[in-house]
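One structure is given here, and the rest of the page talks about it.
Below, chain A is the first sequence line, B the second, and so on; all start at residue 1.
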Number of protein chains: 2
Amino acid sequence: MVKVTQKTRYAIRALLRLKTFGEGGTVLKEISKEEDIPVKFLEQIFASLAKADILESKRGAQGGYRLKKSLKEVSLYEVMKSLREDVKFAHCLDIAKPECPLKSKCKAEKFWRNIQEKIMKILMETKLEEIDESLS
Amino acid sequence: MVKVTQKTRYAIRALLRLKTFGEGGTVLKEISKEEDIPVKFLEQIFASLAKADILESKRGAQGGYRLKKSLKEVSLYEVMKSLREDVKFAHCLDIAKPECPLKSKCKAEKFWRNIQEKIMKILMETKLEEIDESLS
DNA sequence: TTGATTCCTATATGTTTGGTATGAATTATT
DNA sequence: AATAATTCATACCAAACATATAGGAATCAA
């Protein structure tokens, strides 16, 4: 299953915005306000992104977030995966065994896997940097 | 949003199975049994596929379904669309106007559209015929 | 110690999905 | 004409998932 949720969209926009703050970074509240994303929701999102080493956090007063990687290096796939969004089509590939009575199921699952690989390739090749370029 | 649901998977498998019945076609109940898909759910699926001219139906006694198009001609995109599964990423492209205060949103939405087009291309190029070939 | 912040986890709300139920409409067969 | 077999149409329901909201713990600079 490949899905692009609101969460993913928020994440992308937040990262893009964070980029404009450069090395200094900023505080979550700021981005929440500027991008009009619910604070508490964004907290969860940033927690995930931080865990995935896409951004860096510092707690406490004078704390905040800043990008840890250049957006050139961060793929869409990486973001989606860190948010634990499923990036798979095939459902039960383990059923696809020779003995499986539903032959068309076996075939179909393998078929899904092929598609999945193609789409994952796109998601992996797409770096966030492209976003900034996509308006020019 | 691109998603592959159970419904889509059922549809694919059902079409594949239907193909094995050739010109004569068969009755929904039969496919339901062989593919282990809930009858009533499959009814809805087939109704959609029929509306999309992918298969042909005949009501009443001695009725049933048969493929209307060769699976060579039917794309994954077509199936998904006929089931009214969303095949779009971009959410609110109409907000992406010059006046939009959320510039990163505008950028992002355009970015999503690019991705969407790539993925749609894959889905459109993928014909169901490939499924049968994918195990060989 | 205080205030600002991130982090953690539980809960509430809304939407989608997968499936069920009921029955109407259609058609071949008897 | 009656019957049985089918597709067609629609409404409903429960579970899963998405989108938040809430409360407070942990951390840290001043």
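Mapping Ala47(A) and Gln44(B) onto DNA chain C via the closest heavy atom, the residue that lands nearer the 5' end is Ala47(A).
Distance Leu83(B) CG to dT17(C) C1': 13 Å, rounded to the nearest Å. Between the CZ atom of Phe41(A) and the P atom of dT6(C) there is a distance of 17 Å, given to the nearest Å. Whole-Å rounding puts the Arg66(A) CZ to dT5(C) C1' distance at 17 Å. Taking atom NZ of Lys58(A) as the reference point, atom C1' of dT6(C) lies 12 Å away to the nearest angstrom. One can place CG of Leu42(A) at 14 Å from P of dT19(D), the figure rounded to the nearest angstrom. The interatomic distance linking Leu28(A) (CG) with dC7(C) (P) rounds to 9 Å, in whole Å. For the pair Gln62(B) CD and dT3(D) P, the computed distance is 19 Å after rounding to whole Å. Atom pair Gln6(B):CD and dT20(C):P shows a separation of 12 Å (rounding to whole Å applied).
At least one side-chain nitrogen or oxygen of Lys29(A) sits closer than 4.0 Å to the OP1 or OP2 atom of dT5(C). Between Thr5(B) and the phosphate of dT16(C), there is no side-chain N or O to OP1/OP2 separation shorter than 4.0 Å. Regarding contacts with the backbone of dG19(C), a side-chain N or O of Tyr10(B) is found under 4.0 angstrom from either OP1 or OP2. Between Ser57(B) and dC8(D) there is a side-chain polar atom (N or O) within less than 4.0 angstrom of OP1 or OP2.
Checked for salt-bridge contact, Lys127(B) and Glu78(B) miss the test: no charged N lies under 4.0 Å from a carboxylate O.
For the side-chain hydrogen bond (donor to acceptor under 3.5 Å, both in side chains) with Glu56(A), the lone residue among Lys68(A), Arg66(A), Lys69(A) that qualifies is Arg66(A).
Nearest approach of Ser82(B) to Leu49(B), heavy atoms of both residues: OG-CD2, 3.4 Å.
Side-chain atoms of Thr20(A) come within 3.5 Å of backbone atoms of Arg17(A) as a donor-acceptor pair (strictly under, hydrogens ignored).
If you check distances only, the side chain of Glu43(B) does reach the base of dC8(D) with a donor-acceptor pair under 3.5 Å. Within 3.5 Å, a donor on the side chain of Lys40(B) pairs with an acceptor on the base of dT22(C), or the reverse.
As judged by a 4.0 angstrom heavy-atom cut-off over every strand, Tyr65(B) is placed among residues touching the sugar-phosphate backbone only.
Proximity note for Lys51(A) (side chain, C-beta onward) versus dT7(D), dC8(C), dC7(C): the nearest is dC8(C).
Remark: the Arg113(B) side chain and the Gln116(B) side chain contain no N/O donor-acceptor pair separated by less than 3.5 Å.
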